[in-house]
Visitor: 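Structure below; questions to follow.
These values consider heavy atoms only, across backbone and side chains, with no hydrogens, waters or symmetry-generated copies.
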Amino acid sequence: MRILRRYNDRWSIAAIPALLRRLGLMLPLGRALSTGPQMRNPSLPLVPYGLLLLMSVGVIIVVFIIGVSESRDRMVAQSKIQLRQKTALLEAYVSKILEANDMVLQGIASEVEPIPDTGIEPTEQVTGLLRTQKKYLKHSAYIAIVGRDGKLVSTSENFRDRSLDVSDRDYFRHHRDHPSNVTFVGEQLIGRVYDKPSLTMSKALLGTGGEFGGLILITMPVEYFTRLFDGAANPSDAAQFLRQDGQVVVNVPLSEGGATVPDWFQQAIAENPIAGELRHAPFSDGVVRLIAYRKVEAFPFYVTYGIDEKALLAGWRQSVRVYGTVLAIALGAFLITAWLARRRSIALMASNESLREVSERLLVSQDEERRSIARDLHDSTGQHLIGAAMELANVKSLLPDSDGDTSRALARTAQLISQSNEELRTLSYLLHPPMLDESGLPNALELLVAGFEERSGLEIELRVDPALATKRPPADVELTVFRIVQEALTNIYRHAHAAKATIRLVRQGSEPDTILSLTVKDDGVGIERRRRQHVGVGLSGMDARLRPLDGSIHISTGRMGTTISVRVRG
């Protein structure tokens, strides 16, 4: 046995890896083992467990809300694309109608211009021209030519009432006051020939000197545009055909024309005069819609299309309700299960705590019982054996020297009594070493190691901090450390098949936060290779002894043996 506590020797280089492993800078040689339900790896406290549970539920709900919001945004984005497509389609239809009318106007003007000073005459050639061009315009009511005085000259419908005067119409005044080749689109009016709401496209007829000589006009029934927009719009949707000044020409599915100018229209076209989309825009029927608008090429018209957001999101809301209900049921079941598990955990923790308290009390009671038995063996039974040996000596002195057989029998009896006394002293020491109470932990460990080496044949190296000889730890700490060393040596002898063991005990830190650090290491086969299903009762007992002292134990094992590290205040 090498006892080095008496010397301030420096720790060898071999101790550096153990220090690095303790600091977490190196992996242990083997896998750490747990000696029981609380091997310094306590279960999650109930309050943080509850907070973690609530946070998990909150995260699930937040993820669900984010997913729902993203699905809503995707649906709105897809609806915007559909809106742009429908608006572009309507704009293309309207643009083709207006372009066709404009081409007809230009064709007729090229045939009848220039207008002579006497004005245009209602010839059969002109009437035939109008009638022929009308066949290509199925969306128009009639084509007419008006003289410079505003009187009707000729129509495609053989209407001969030359008393009809249109000089009060906006398109006539425009061409008379601004004669040019530009096509003019008038306001929506009740036609005097067609007698229904109509739009009028007109073109001035110029004389030889470029003066105003009359005009050509094409009437377009509003009902045609109404049928066009009504066929393109879904029942819950709305579409409008508007003039650039905001006057509503067609309002589907509401009444034809007459609707109020949308509040958003003028501001929207001021910001983007070509096309755009708006959300939460009130329509003429008071319904909030998602709306797209688009200008009709070079003509002073706009096409708008609106989707009822409530109807658009009806399916989405139904899905949210279904999935929300499923999620609520799942979360409810999860919370109920977690609550039941928590109750079971509380009961289990209370049971484990009770078992730990019983175990700790049992250890304390066991130590007290051992101390009592050791005292009784030493003070009572030991004294009786000593008295018996003295009486045998007296008997031997009274016998004559010639009685050899009796003397030899008495000598053998005395030897047995002496051997029993030695075994009794050893048993008394193992039950409770008196040296621990009298001289302290270092001397008790020296005596324990010396006796264990003698009985087991192991080579044991003991290093004890010299400071422990001058400043003793509390009595319960000393007894705990002694019992842990005693149990560790017993395990090494029984199970490790080791040839050498090392025990180091050092005090770290300064008052009042000093820490006793104990390390017991062997070069045996390791716990993992013993093919044991569970860690032994002795290791659990170590943890049970340390728990009341707020100590900790760590066990690492591998091919190079087993290391037990203990830290406890002292």
Side-chain angles (χ1 to χ4, degrees), residues 83-99 101-102 139-141 169-171 174 183-192 194-202 217-311:
L83 273 177
R84 288 193 292 268
Q85 293 174 346
K86 289 187 175 182
T87 306
L89 185 62
L90 286 174
E91 183 272 333
Y93 286 154
V94 173
S95 179
K96 287 181 179 180
I97 294 174
L98 299 181
E99 287 176 356
N101 290 345
D102 188 44
H139 50 269
S140 301
R169 300 297 194 181
D170 60 338
Y171 53 84
H174 174 81
T183 301
F184 179 78
V185 181
E187 298 180 355
Q188 177 181 335
L189 300 170
I190 302 296
R192 289 173 177 168
Y194 187 63
D195 197 28
K196 290 184 179 180
S198 303
L199 291 176
T200 302
M201 290 186 67
S202 58
L217 64 87
I218 298 177
T219 61
M220 299 175 290
V222 173
E223 63 179 2
Y224 176 81
F225 294 99
T226 302
R227 290 194 301 269
L228 174 64
F229 278 66
D230 188 55
N234 295 325
S236 61
D237 298 341
Q240 282 185 325
F241 183 39
L242 303 93
R243 290 177 60 89
Q244 189 168 350
D245 58 3
Q247 181 182 1
V248 178
V249 179
V250 174
N251 198 39
V252 173
L254 304 179
S255 60
E256 299 177 356
T260 58
V261 178
D263 297 334
W264 52 267
F265 181 73
Q266 295 297 340
Q267 181 179 356
I269 64 174
E271 295 176 357
N272 191 345
I274 304 301
E277 298 94 18
L278 292 91
R279 284 195 65 186
H280 308 298
F283 219 70
S284 56
D285 57 353
V287 178
V288 177
R289 286 185 169 89
L290 179 65
I291 297 175
Y293 66 92
R294 189 178 184 89
K295 190 176 187 301
V296 181
E297 290 294 333
F299 300 98
F301 291 101
Y302 279 87
V303 172
T304 70
Y305 197 93
I307 298 178
D308 187 354
E309 289 194 19
K310 185 177 181 180

Visitor: Run H139 and N101 through side chain to side chain contact (heavy atoms under 4.5 Å, CB included) and show every step you take.
Guide: CA-CA 9 Å; H139 50 269; N101 290 345; 2.9 Å; yes
Visitor: With heavy-atom distances below 4.5 Å as the criterion, would you say the side chains of D237 and K86 are in contact?
Guide: yes
Visitor: Hey, could you give me the CD1/OG distance between I218 and S198, rounded to the nearest 0.5 Å?
Guide: 12.5 Å
Visitor: Hey, mind stepping through F229 and V94 against side chain to side chain contact (heavy atoms under 4.5 Å, CB included) and telling me if it holds?
Guide: CA-CA 10 Å; F229 278 66; V94 173; 3.9 Å; yes
Visitor: Would you compute the distance between atom CD of Q244 and atom CD of Q266 and round it to the nearest 0.5 angstrom?
Guide: 8.5 Å
Visitor: Between S202 and Y171, which heavy-atom pair has the shortest distance, and what is it?
Guide: OG-CB, 3.4 Å
Visitor: At their closest point, which heavy atom of A232 faces which heavy atom of Y305, and how far apart are they?
Guide: O-OH, 3.5 Å
Visitor: Kindly compute the distance separating OG1 (T304) from CZ (F241), expressed to the nearest 0.5 Å.
Guide: 10.5 Å
Visitor: Who pairs with A268 by side chain to side chain contact (heavy atoms under 4.5 Å, CB included), at least two apart in sequence or on another chain?
Guide: W264, L278, Y293
Visitor: Using a 4.5 Å cut-off on heavy atoms from C-beta on, say whether the side chain of F225 contacts that of V249.
Guide: no
Visitor: Between A141 and P221, which heavy-atom pair has the shortest distance, and what is it?
Guide: N-CD, 3.7 Å
Visitor: Can you measure from CG (D102) to CE (M201) and round to the nearest 0.5 angstrom?
Guide: 5.0 Å
Visitor: Write down the atom of T87, the atom of A292, and the distance for their closest heavy-atom approach.
Guide: OG1-CB, 3.6 Å
Visitor: Under 3.5 Å, which donor-acceptor pairs do the side chains of residues 295-303 form with other protein atoms, sequence neighbours left out?
Guide:
unit_1 : atom_1 : unit_2 : atom_2 : d
K295   : NZ     : E297   : O      : 3.1
K295   : NZ     : F299   : O      : 2.9
Y302   : OH     : P273   : O      : 2.6

Visitor: What residues form a salt bridge (charged side-chain N to carboxylate O under 4.0 Å, His left out) with R84, not counting sequence neighbours?
Guide: E277
Visitor: Taking only residues two or more places apart in sequence or in another chain, which ones pass side chain to side chain contact (heavy atoms under 4.5 Å, CB included) with I274?
Guide: N272
Visitor: Looking only at non-hydrogen atoms, find the nearest pair between G186 and L199 and report the distance.
Guide: O-CD2, 4.0 Å
Visitor: Quick one: side chain to side chain contact (heavy atoms under 4.5 Å, CB included) partners of E187, sequence neighbours excluded?
Guide: D170, R243, Q247
Visitor: Does some side-chain heavy atom of R169 sit less than 4.5 Å from a side-chain heavy atom of L189?
Guide: yes
Visitor: Is the closest side-chain heavy-atom distance between Q188 and P197 below 4.5 Å?
Guide: yes
Visitor: Could you list the residues that satisfy side chain to side chain contact (heavy atoms under 4.5 Å, CB included) with D308, not counting sequence neighbours?
Guide: V287, R289, K310, A311
